[in-house]
Amino acid sequence: AAAGLNHSIFLKDDGSLWAMGGGEYGQMGNGTTTGTNSTPVAVGGEGTSGVVAVAAGAMHSIFLKDDGSLWAMGGGEYGQMGNGTTTNVNSTPVAVAGEGSSGVVAVAGSAAQGDGDGIATDGRHSLFLKSDGTLWGFGFNAYGELGDGTTTLRSSPVAVGGTGASSVVAMAGGGQHSLFLIDPQVITVAATTQASEPGTNGLLTLTRTGDISAALTVNLAVTGTATAANDYTTIAATASFTASQATTTVTVSVIDDGDA
């Protein structure tokens, strides 16, 4: 289920979609613009079967079908339909079109805010996540909420750009901003060669998983006692990964403290 400024939408386990509340911009998706809908109505038109996820903005809703296609309905003055238009009233669902609008796995609306008289002031953009971990958005963008490096309204989907906008696993839209979470990197360390006496160095292998598209430097501090009680191992070094590099190594030297 999802809620907009003055409408709500919910999904049943049979894949059908239902709406209730304010419908003056077509938010009910049943071909009407009835202002008040006090009981749920079935969203109609093409695309309203096999629905698996829903989300809402202030005056619009979007939903995801089991074939990975994305659909929208309701107010579209700021491009909220994602179909290349700015038609203000969309009373039946329309398919989100353009690059990126297939292979969708999750959707997010934007937090609805009003001016006290039921007029939306925020909540006019949408986000979606694709199976390749990329993040896309469309709609209002005056505050840069689509993350594409502009403040230009986008009536068709655009890819969120910049560092980190890959391997995305979750997202959320605010009234004038967006957030997303990337798959964290996990670094494991294994002793490939064990250090023993001075002159017999060891080798640590570091492996990282998750989003490894960017270069990374890891600071290491290792201490330990070598085979002879008076020798010891200590390093304070860095391990460097180049972009897309999954493994790297660090040499561990045994230091003789000079005692017999």
Side-chain angles (χ1 to χ4, degrees), residues 55 99-100 103-111 125-137 141 143-151 154 157-260:
E99 185 182 4
V104 179
V105 296
V107 293
S110 45
H125 71 286
S126 298
L127 304 168
F128 63 91
L129 175 62
K130 294 189 61 178
S131 57
D132 62 2
T134 58
L135 184 61
W136 297 70
N141 194 30
Y143 302 98
E145 47 266 69
L146 299 184
D148 67 338
T150 77
T151 54
R154 299 296 187 181
V158 292
V160 175
T163 302
S166 61
S167 298
V168 178
V169 294
M171 69 206 154
Q176 300 174 345
H177 69 286
S178 301
L179 303 170
F180 61 92
L181 175 68
I182 63 171
D183 187 18
Q185 289 189 41
V186 176
I187 298 177
T188 57
V189 181
T192 307
T193 304
Q194 186 175 354
S196 56
E197 295 300 317
T200 305
N201 296 330
L203 195 66
L204 295 179
T205 298
L206 286 75
T207 303
R208 61 174 179 163
T209 58
D211 181 9
I212 64 171
S213 58
L216 177 70
T217 298
V218 179
N219 294 320
L220 292 174
V222 179
T223 61
T225 302
T227 304
N230 293 326
D231 295 326
Y232 62 93
T233 302
T234 181
I235 62 168
T238 58
S240 296
F241 294 90
T242 60
S244 300
Q245 182 182 5
T247 62
T248 190
T249 57
V250 174
T251 299
V252 180
S253 301
V254 176
I255 300 174
D256 189 341
D257 63 5
D259 293 340

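If you read the sequence from its start, that first residue is 1, and numbering goes on from there.
- Scanning both residues, I212 and T209, for their nearest heavy atoms gives CG2-C, 4.2 Å.
- The backbone N or O of H125 sits less than 3.5 Å from a side-chain atom of S110, completing a donor-acceptor pair.
- You'll find the side chain of V218 reaches within 4.5 Å of the side chain of F241, heavy atoms only.
- The shortest side-chain heavy-atom distance between S178 and M171 does not fall under the 4.5 Å cut-off.
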Before you tell me yes or no, could you show the steps for L206 and V250 under side chain to side chain contact (heavy atoms under 4.5 Å, CB included), namely the whole-Å CA-CA distance, both residues' side-chain angles and the distance that decides it to 0.1 Å?
CA-CA 8 Å; L206 286 75; V250 174; 4.2 Å; yes
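- Taking all atoms of both residues into account, the shortest heavy-atom contact from G109 to A55 is N-CB, 3.3 Å.
- Between N141 and T150 the shortest side-chain heavy-atom distance falls below 4.5 Å.
- Residues satisfying the side chain to side chain donor-acceptor pair (under 3.5 Å) test with T248, not counting sequence neighbours, are none.
- In this structure, CD in E145 is found 10.0 Å from NE2 in H177, a value given to the nearest 0.5 Å.
- A distance of 10.0 Å separates OG1 in T207 from CD in Q245, rounded to the nearest 0.5 Å.
- Put simply, CG on L135 and CG on L129 are 6.5 Å apart, with the number rounded to the nearest 0.5 Å.
- Taking OG1 of T242 as the reference point, atom CG of L216 lies at 10.5 Å (rounded to 0.5 Å).
- When all heavy atoms of A108 and A172 are compared, the pair lying nearest together is CB-CA, 4.3 Å.
- Residues satisfying the side chain to side chain donor-acceptor pair (under 3.5 Å) criterion with T217, sequence neighbours excluded, are absent altogether.
- Contact check for F180 versus V160: side-chain heavy atoms found under the 4.5 Å cut-off.
- Taking 4.5 Å as the limit, every side-chain heavy atom of L181 sits out of range of all side-chain heavy atoms of V168.
- T151 is linked by a side chain to side chain donor-acceptor pair (under 3.5 Å) to nothing, counting only residues two or more places apart in sequence or in another chain.
- Counting heavy atoms from C-beta on, the side chains of W136 and K130 come closer than 4.5 Å.
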